[in-house]
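The structure under discussion appears below in the form of structure tokens.
Below, each value reflects all heavy atoms present in this structure, side chains not excepted, and no hydrogens, waters or symmetry copies. Just so it is clear: chains get the letters A, B, ... in the order the sequence lines come, proteins before strands, and each one is counted from 1.
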There are 2 protein chains.
Amino acid sequence: MTTVLKLGGSVVTEKDTRETVDDDALTTAAGIVGEWMGGDGSGSPPLVLVHGGGSFGHPAAAAHGVSATEGSRDAAALVAVHRAMGRLNERVVTALQAAGVAALPVRPLSLVDRTDEAVNCPAEPVESMLDEGFSPVLHGDVVVHREKGGTVLSGDGLVVALADALDADRIGVCSTVPGVLDDDGEVVTEIPSYGAVADLVGESESTDVTGGMAGKIRALLDTEQPAAIFGLDGLATFLETGQAGTTVR
Amino acid sequence: MTTVLKLGGSVVTEKDTRETVDDDALTTAAGIVGEWMGGDGSGSPPLVLVHGGGSFGHPAAAAHGVSATEGSRDAAALVAVHRAMGRLNERVVTALQAAGVAALPVRPLSLVDRTDEAVNCPAEPVESMLDEGFSPVLHGDVVVHREKGGTVLSGDGLVVALADALDADRIGVCSTVPGVLDDDGEVVTEIPSYGAVADLVGESESTDVTGGMAGKIRALLDTEQPAAIFGLDGLATFLETGQAGTTVR
């Protein structure tokens, strides 16, 4: 049973302080994943991790004029964003390894390309890592966008593409909120369609270049797999049961 | 006409001083490539670059017990070698960009996997970069090796796999020697088979973990494309004419 798990950029970084990891949150998340995987990695359940950009990716993209929709042909600008994400990816991989996870970095710029309509993510390299007992760790990144040069592919967009390419069984999105909240501040346990929650999540007004909660839900509704959105408190429960926070079907 | 160009690790690094770039040689090589590509990158001929490990990759591989044949399942060891190569790759990409080449990094660990018999290199991400006017820059790296965990894939091995995957038109290997030398110290201009030069290059006795000149020639004889082996002095001629130093057919 293959799991694709997103660790939100706002979970693993201090989102308001440039290029700063939230060490406590990252260590906690890595520890929960390591515990679930059984410590020594032998017989680990297949797990693909994806992390967002947080205070590494988003400011770099803004500073270098690279976005999710407008392409750039400036290789130096694209590489500046990619390197910022690489610095965060190193920290995440190291934290996971320290927690006993056989984590290996996978850089989307090296693997993925896209068009306006679709993201092309070859499954083989990631599947080989899983088959050999490793846990690939991907991230939101700049990728080549046909006819446009390069654009930002969000962690959420990558989760959807990966889950499809790998025919994964379940998707988890670990966020800073415990799920989608209703007007009384209670977690909505299940979302069958975007219309059902449009008034709760509204349009994306966030400065997050890649979409916020509205974009997350739209993307997850497109997947074959059930997808859960939960906070760090729900991570262990999600890994054990596949259910935590809000489930998008 | 697609060219795959290898910049030897011994060309771009000081091979005897750990993790030290040979700035003069790298700047010279990058300048020649940039000149050939026409400066502003518009209408650039498709060029894929690969660099070796030099004083970055080889000592790291030796220190962490990772080799081209014995697999490792130690994710931290594999990542240590991969990061050492990443540091060199950053320097090479930056030097090429400074010379006007729209260089983008491609990390083989993210893209390639292998078996004892074959290297599997999906062509699409690299082709998309070329189609969009970028020059991908790959390198010798650790990659997932089915049934073995991870092993070192040499820059030479990657050149052969890439040339095949991309159906490239020509291969250039820029080395520290002007070509394969005969007993009188003259460059052998053409090698039709390994037997023809076995006594000149001998068996590989080098400390280079990935094969030296003998391994280079064996690998290049397997390719469909003509492959030229030349020194930095021959790089401009190779790019212009496809012929320099020793040509292996």
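- Looking at B:Pro122, the atoms closer than 4.5 Å to chain A (heavy atoms on both sides) all sit in the side chain, from C-beta outward.
- Residue contact with chain A, scored on non-hydrogen atoms closer than 4.5 Å, involves the side chain of B:Gln97 exclusively.
- If you tally non-hydrogen atom pairs under 4.5 Å between each of B:Gly71, B:Gly86, B:Ala98, B:Pro125 and chain A, the highest count goes to B:Pro125.
- The greatest number of non-hydrogen atom pairs below 4.5 Å with chain A, out of B:Ser128, B:Pro136, B:Gly150, is found for B:Ser128.
- For chain B, the option among A:Met129, A:His82, A:Arg83 with the highest count of heavy-atom pairs below 4.5 Å is A:Arg83.
- Interface remark: B:His145 contributes backbone atoms only to the contact with chain A (heavy atom separation under 4.5 Å).
- Contact detail for A:Arg107 and A:His139: the closest heavy-atom pair is NE-NE2, 2.9 Å.
- With a 4.5 Å cut-off on non-hydrogen atoms, B:Val106 touches chain A through its backbone and its side chain both.
- Contacts of B:Ser135 with chain A are absent, with no heavy-atom separation under 4.5 Å from either backbone or side chain.
- Here the OG atom belonging to B:Ser175 is positioned 5.5 Å from the NZ atom belonging to B:Lys216, to the nearest 0.5 angstrom.
- The salt bridge (charged side-chain N to carboxylate O under 4.0 Å, His left out) pairs that include a residue from residues 138-148 of chain B are A:Asp131-B:Arg146, B:Asp113-B:Arg146, B:Asp116-B:Lys148, where partners are two or more places apart or lie in different chains.
- Across all non-hydrogen atoms, the minimal contact from A:Ala77 to A:His64 is CB-O, 3.7 Å.
- With a 4.5 Å cut-off on non-hydrogen atoms, B:Ala103 touches chain A through its backbone but not through its side chain.
- Applying the salt bridge (Lys or Arg N to Asp or Glu O under 4.0 Å) criterion to B:Glu132, with sequence neighbours excluded, gives A:Arg73.
- Only the side chain of B:Leu78 comes within contact range of chain A, judged by heavy atoms closer than 4.5 Å.
- Put simply, CG on B:Leu104 and OG on A:Ser110 are 9.5 Å apart, with the number rounded to the nearest 0.5 Å.
- The pair B:Asp23-B:Arg91 meets the salt-bridge criterion, since a charged nitrogen lies less than 4.0 angstrom from a carboxylate oxygen.
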